[in-house]
Student: 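My questions will all concern the structure given below.
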Amino acid sequence: MKTIKITSALLAFAAGLTFMACGSPEKKVDNAEDKVEKEKEDLQEAKEDLKEVKQDAKQDSVADYNKFKADAEEQLKQNEQKIAELWAKKSKESTTKAERDNYKKRIDVLEKRNKELKAKLARQDDAAKRIKWSQFKEEFNHDMDELDKSIKDFTKDNEKK
């Protein structure tokens, strides 16, 4: 009889431990469903935040490009004016034919480079998706600086003569 009481007590104790450890299956399912719903909501919020960040970055990039383009167009116009001044200066100076031909060739080179940069800037609108913006900007600025330096050097060279 003692064995039956001990066995019954152990079985009751084991059943109680199992019930307490597992909890009610319905409660676990409800908790899991709540967690899944919460994770879905968090994922949706993260997707919306990512969309906003992408949109902001795109707007910043567009604004940056528009400012850069306006500045570059202004610099190209200034270059055209400087080149026109060089042409005007050429006609005033009385030099030999060889010097005039050399002067004309040098101005032609500057004018051609300025036109190429103008065309490159116009093409960037079409090629924006193919060329990384930062790479284009760096190359264009380098080319623009080189042209500006050439125009300044041209003027200095002629002043020495």
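By convention here, the first residue in the shown sequence is residue 1.
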Student: Just so I know, are the side chains of E74 and Q78 near enough to count as touching, which here means a heavy-atom distance under 4.5 Å?
Tutor: yes
Student: For K118, does the NZ atom have more than 12 heavy-atom neighbours from other residues, nucleotides or ligands under 6.0 Å away?
Tutor: no
Student: For atom CD of E80, decide whether the heavy atoms of other residues, nucleotides or ligands shown that lie under 6.0 angstrom number more than 12.
Tutor: yes
Student: Between CH2 of W87 and NZ of K104, what distance do you get to the nearest 0.5 Å?
Tutor: 5.0 Å
Student: With side chains defined as the heavy atoms from C-beta onward, is the minimum distance between F136 and L121 less than 4.5 Å?
Tutor: yes
Student: Rounded at 0.5 Å granularity, tell me how far CE in M144 sits from NZ in K120.
Tutor: 10.0 Å
Student: Atom CD of Q81 and atom CD1 of I83: how far apart are they, to the nearest 0.5 Å?
Tutor: 10.5 Å
Student: Show your reasoning for whether salt bridge (Lys or Arg N to Asp or Glu O under 4.0 Å) applies to K105 and D101.
Tutor: CA-CA 6 Å; K105 285 179 188 177; D101 289 344; over 6 Å; no
Student: Show, in sequence, the C-alpha distance, side-chain angles and deciding distance for D108 and K112, and conclude whether the salt bridge (Lys or Arg N to Asp or Glu O under 4.0 Å) test is met.
Tutor: CA-CA 6 Å; D108 284 340; K112 181 181 177 188; over 6 Å; no
Student: May I ask you to check whether Q135 and E139 show a side-chain donor-acceptor distance below 3.5 Å?
Tutor: yes
Student: So does L110 get a backbone contact from the side chain of N114, meaning a donor-acceptor N/O pair under 3.5 Å?
Tutor: no
Student: What distance separates K152 NZ from D148 CG, expressed to the nearest 0.5 Å?
Tutor: 4.0 Å
Student: Could you grab the distance from atom CG of L147 to atom CG of L117, nearest 0.5 Å is fine?
Tutor: 6.0 Å
Student: Taking side chain as C-beta onward, heavy atoms only, is L86 less than 4.5 Å from R106?
Tutor: no
Student: With no hydrogens and no angle check, just 3.5 Å: does a side-chain donor-acceptor pair link N79 and Q75?
Tutor: yes
Student: Does D71 come within less than 4.0 Å of K67, counting only side-chain N to carboxylate O?
Tutor: yes
